[in-house]
Amino acid sequence: TFFNQASWANFIFEGVSENQIQALKVQLPKIFEQKPSPYNADIIIRTLIATGRFQNVAAYQQDQTFFIVGYPIQQIYDVKFTGNSRIRDSELQELINLSPGKVFEQKAAIEAGGRIKDLYGEFGYFNTHIEVSFTNAGANQVNIIYSIKEGPPCLIQTLNLESENEQLIQQLEGQLKKYKNRNFTQELVKELEQKARNYFKGKQYLRSRLDQIKAEFNEERTRVDLFYKISSPYRYELVVKGPERLSEFQVRREVGFSEFEVSSLDPAVEVEQKVKQLYLRKGYAHVNVTIETKNKGDRFYKQIWLKVDEGPRVKIQSFDVAGRISQPAEYYSDFIINNSSELIENGYYNRKDLDLGYENLITHLKNQGFLRAKIHSARVEFSKDKASAKIQLVMDEGPLTQVRRIRITGNKDFSSLQLVNVISLNTNAPLRLPLLEKSISELKEFYLKQGYLEMQLLNENENLITYNDSGTEANIIFRIY
């Protein structure tokens with residue numbers, strides 16, 4: 001729908017208001033004094049588009065007359081919903097994201113109607129009909145009206161469970177019967193399946209899972225029959241034999257049937273792994289855990305028989321460190337003991353915790369400038385009664401790397417001497433990695449405070465340090481951009 005035609009000097013305008021034509025006359029006086037031409041028409045089109053009030057402007061010629069056709073941008077005046085009772089206006093408004101004052105696009109408004117229909121489907125209304133209409137609300141303004149016929153919801157008519165375990169079917173049907181004749185929604189299905197998971201956990205069906213096979217609808221899609229299959233319908237019971245130093249309660253708590261996650265791992269294997277790790281964490285390095293699974297009553301009720309031969313709790317008798325080192329051996333063994341775990345600190349053995357201590361020692365030495373530090377071997381010798389352990393560690397601390405030279409390139413507004421004085425690193429001092437990281441931050445912070453917001457360290461992640469062949473000297477180059 002265009003405005004009435006208005007003409008000026010052999011230009012006829014459609015869809016352009018009189019005020020906009022007068023503005024063109026002021027902005028382009030020479031255009032209207034000249035003979036109309038495609039070139040002049042193009043200038044007028046670009047000028048109108050630049051006002052931001054037109055989604056498109058076109059031109060065509062008849063004889064000596066040029067027609068300029070404007071397609072003004074329309075705005076949304078109001079958005080209305082009718083016929084909705086299940087979903088509030090505010091929820092629909094948030095969903096479609098169309099509001100008064102926004103640019104009107106018919107395609108977007110129609111697509112929003114599709115999203116409304118999808119939302120009703122999530123609530124179990126599969127027969128909802130959405131009609132989108134538009135009315136004129138004045139100059140370049142449009143009302144959008146969504147007429148909604150919700151229709152009847154789809155109700156869950158039956159829940160059909162399939163399993164070899166008939167007793168479990170009966171028990172679970174009793175738990176899920178409250179979901180019949182309720183709206184078939186995504187949220188309800190999630191709630192139903194979570195209810196089943198909670199029941200399985202509570203009754204120790206450790207690997208049982210409820211999987212939907214299919215959903216069958218009636219012709220009107222107002223009723224649905226849900227079909228589920230129960231996989232691994234086995235109930236488990238734990239029988240514990242043998243713990244003496246740890247209580248049965250500690251063992252059962254560690255096993256934690258209620259915390260088992262559904263997986264393909266045999267529950268008996270998981271029980272064995274958890275109990276063994278419990279004892280190892282307590283310092284029982286020689287623990288032996290055996291598992292046997294038996295049927296109790298019927299094949300769907302299984303007992304996991306757990307037998308524990310604890311063995312002695314292993315004390316660390318001695319900790320010897322040898323190799324190329326610069327400190328007394330006790331310096332390294334004490335560091336490992338104090339930076340492994342509480343168990344090691346209390347004098348008990350655990351290989352995994354010691355491995356962590358070795359790793360922390362190497363990291364500490366590298367931070368101090370021993371960049372080539374490494375563990376050659378770690379040996380453990382147990383006593384005859386297996387109650388104590390001697391640890392023998394052979395390591396190479398390597399040379400202490402010194403900072404030989406610090407260079408700064410790419411700096412124009414500040415001298416290298418000025419920048420070197422900003423950082424914490426010094427020449428003829430050990431290369432300590434924490435100081436290197438601190439120096440990088442100090443350089444960046446210095447430039448930032450001076451207003452250089454785009455300063456970069458080009459080689460921050462590579463080629464920042466070069467070493468001599470023996471690793472005893474390091475040159476550091478900061479390449480600044």
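- For E91, the salt bridge (Lys or Arg N to Asp or Glu O under 4.0 Å) partners two or more places apart in sequence, or in a different chain, are R88.
- When only modelled atom types and interatomic distance are considered, K102 and N97 share a side-chain donor-acceptor pair under 3.5 Å.
- Listed by first and then second residue, the side-chain hydrogen bond (donor to acceptor under 3.5 Å, both in side chains) pairs involving residues 457-466 are K444-E460 (not counting sequence neighbours).
- Side-chain contact between L371 and L365: absent, with no pair of heavy atoms (C-beta onward) separated by less than 4.5 Å.
- When only modelled atom types and interatomic distance are considered, E150 and S85 share a side-chain donor-acceptor pair under 3.5 Å.
- Here E445 pairs with K449 in a salt bridge; the nearest charged N to carboxylate O distance falls below 4.0 Å.
- For Y234 and Y301, the distance between ring centers is not under 6.0 angstrom.
- Rounding to the nearest 0.5 angstrom, the gap separating the CD atom in Q74 from the CD atom in E105 is 11.0 Å.
- With 3.5 Å as the limit, one finds a donor-acceptor pair spanning the side chains of N468 and T472.
- Listed by first and then second residue, the salt bridge (Lys or Arg N to Asp or Glu O under 4.0 Å) pairs involving residues 422-442 amount to none (not counting sequence neighbours).
- R197 meets the side-chain hydrogen bond (donor to acceptor under 3.5 Å, both in side chains) test with Q194; sequence neighbours excluded.
- When each of F478, Y481, Y452 is tested with Y447 by the rule ring pair (Phe, Tyr, Trp, His ring centres under 6.0 Å), just one qualifies, namely Y452.
- Ring pair F414/F446: centre-to-centre distance below 6.0 Å.
- Side-chain N/O atoms of T158 and N160 include a donor and acceptor closer than 3.5 Å.
- Side-chain atoms of N218 and T222 include a donor-acceptor pair closer than 3.5 Å.
- Residues K274 and E270 are paired through a salt bridge, judged by an N-O separation under 4.0 Å between the basic side chain and the carboxylate.
- Counted by atom type alone, Q93 and S90 present zero donor-acceptor pairs between their side chains at under 3.5 Å.
- Counting only distance, with no hydrogens or angles, the side chain of N143 and the backbone of F134 share no donor-acceptor pair below 3.5 Å.
- Centroid-to-centroid, the aromatic rings of Y120 and F123 stay 6.0 Å apart or farther.
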Between K195 and Y179, does a side-chain contact (heavy atoms from CB on, under 4.5 Å) hold up when you go through it step by step?
-> CA-CA 10 Å; K195 178 79 171 178; Y179 295 103; 3.8 Å; yes
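- Within the structure, the salt bridge (Lys or Arg N to Asp or Glu O under 4.0 Å) test picks out the following pairs touching residues 37-60 (sequence neighbours left out): D42-R46.
- Residues in residues 212-231 take part in these salt bridge (Lys or Arg N to Asp or Glu O under 4.0 Å) pairs, two or more places apart or across chains: K214-E216.
- Close placement of the Y60 and F67 rings is indicated, their centers lying within 6.0 Å of each other.
- For the residue pair E254 / Q250, no side-chain donor-acceptor distance below 3.5 Å is found, with atom types taken as modelled.
- When all heavy atoms are compared, the tightest approach of D211 to S231 is OD2-OG, 3.9 Å.
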